[in-house]
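Presented below is the structure to which this report refers.
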Amino acid sequence: MSKLKFSFLVLMLMVSVSASADWAPADVQAALKKMYPTADDVAWSHDESYYVADFLMNGFDTKVWFDGQAQWVMQQTDWETMDEVPPAVYNAFAASDYADGIVEDVTYVEFPKWEPIIVIKVGKANIDMKYQLFYTPNGQLLRT
């Protein structure tokens, strides 16, 4: 993954979604329904030039990004805990310098053309700083 693409990904994950729009154009809503036919109670928001659908899927909070042309850009599933991560990611995290930290959130992110990533947000006792660890599903640490 190129540095530019990765930087874009990191920026998208770190930017909070604004609540400036609670709707999406019909073609974007149709694209969501085609990809996720069982998505109910969808809350829409607008993040820069992206429309973001927020709904529950398989019991997890899921956010799906579409661009202005109704093209799927990214899906972010909030696993919250380490319970869902692949064993390779769990083992890599357990062997890392952050294993003694407090896991605050775990997010699974999928893209149309890149391999998915697992983002683990970790805090450490008595330290205000938080860390985001970016792993591939096979346990390779991409970035901290």
Side-chain angles (χ1 to χ4, degrees), residues 1-99 101-124 128-144:
M1 189 180 307
S2 74
K3 282 189 172 189
L4 179 61
K5 290 178 185 174
F6 193 80
S7 296
F8 173 73
L9 158 74
V10 172
L11 181 63
M12 284 188 67
L13 287 173
M14 296 178 75
V15 171
S16 63
V17 176
S18 74
S20 63
D22 57 359
W23 63 275
D27 59 340
V28 174
Q29 291 185 39
L32 175 74
K33 203 61 171 166
K34 183 177 180 182
M35 288 184 71
Y36 304 91
T38 60
D40 288 325
D41 298 324
V42 177
W44 287 98
S45 57
H46 194 245
D47 180 11
E48 297 298 320
S49 59
Y50 298 99
Y51 294 95
V52 183
D54 191 349
F55 56 95
L56 285 178
M57 186 170 70
N58 300 324
F60 297 106
D61 183 36
T62 303
K63 291 179 178 65
V64 180
W65 274 256
F66 291 93
D67 65 17
Q69 290 74 46
Q71 296 298 306
W72 178 63
V73 176
M74 176 175 75
Q75 174 184 317
Q76 178 180 333
T77 305
D78 192 3
W79 284 344
E80 296 182 10
T81 69
M82 296 290 285
D83 294 344
E84 302 296 321
V85 301
V89 173
Y90 184 87
N91 292 337
F93 176 76
S96 76
D97 292 339
Y98 301 92
I102 300 163
V103 174
E104 296 183 2
D105 193 40
V106 179
T107 305
Y108 181 68
V109 186
E110 296 175 273
F111 307 94
K113 296 181 181 175
W114 305 322
E115 75 176 323
I117 61 168
I118 293 114
V119 183
I120 302 171
K121 183 177 176 184
V122 180
K124 292 213 173 190
D128 281 340
M129 187 175 289
K130 306 292 182 210
Y131 303 92
Q132 284 187 314
L133 310 173
F134 293 77
Y135 287 95
T136 63
N138 66 3
Q140 177 188 2
L141 180 63
L142 295 172
R143 182 173 224 158
T144 302

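Only heavy atoms go into these numbers, but all of them, side chains included; no hydrogens, no water, no symmetry mates.
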side-chain contact (heavy atoms from CB on, under 4.5 Å) assessment of Tyr98 paired with Val103: CA-CA 9 Å; Tyr98 301 92; Val103 174; over 6 Å; no
Separation between NZ of Lys124 and OH of Tyr131, rounded to the nearest 0.5 Å: 6.5 Å
Donor-acceptor under 3.5 Å (Asp105 side chain, Thr107 main chain): no
Approximate separation, where rounding is to 0.5 Å, of Phe60 CZ and Glu84 CD: 3.5 Å
Over all atoms of both residues, closest heavy-atom pair of Pro137 and Ala88: O-CB, 4.0 Å
Atom CG of Asn138 with >12 non-hydrogen neighbours under 6.0 angstrom: yes
Results of side chain to side chain donor-acceptor pair (under 3.5 Å) for Lys121 - residues two or more places apart only: none
Flag side-chain contact, heavy atom, 4.5 Å: Ser96 against Tyr135: yes
Candidate pair Gln75 and Met35, rule side-chain contact (heavy atoms from CB on, under 4.5 Å), full reasoning: CA-CA 11 Å; Gln75 174 184 317; Met35 288 184 71; over 6 Å; no
Pair Phe93-Val122, side-chain contact (heavy atoms from CB on, under 4.5 Å): steps then yes or no: CA-CA 10 Å; Phe93 176 76; Val122 180; 3.7 Å; yes
Nearest non-hydrogen partners of Ala70 and Ala31, listed with the distance: O-CB, 3.6 Å
Neighbour count >12 (heavy atoms, 6.0 Å) for atom OH, Tyr90: no
Aromatic centroids of Tyr36 and Phe55 separated by under 6.0 Å: yes
Separation between CG of Leu133 and CG of Leu142, rounded to the nearest 0.5 Å: 10.5 Å
Asp67 side chain to Gln69 backbone, donor-acceptor under 3.5 Å: yes
Asp61 atom CG: more than 12 heavy-atom contacts under 6.0 Å: yes
Donor-acceptor contact present, side-chain Gln76 to main-chain Lys63, <3.5 Å: no
Verdict with reasoning, Val52 to Trp65, per side-chain contact (heavy atoms from CB on, under 4.5 Å): CA-CA 5 Å; Val52 183; Trp65 274 256; 3.4 Å; yes
Flag side-chain contact, heavy atom, 4.5 Å: Ile120 against Met82: yes
Contacts of type side chain to side chain donor-acceptor pair (under 3.5 Å), residue Glu104, not counting sequence neighbours: Lys130
Considering all heavy atoms, the nearest Tyr50-Val73 contact: CE2-CG2, 3.6 Å
Distance (rounded to the nearest 0.5 Å) between Thr77 OG1 and Leu56 CG: 11.0 Å
Reported OG1-to-CH2 distance for the pair Thr62 and Trp79, which is rounded to 0.5 angstrom: 11.0 Å
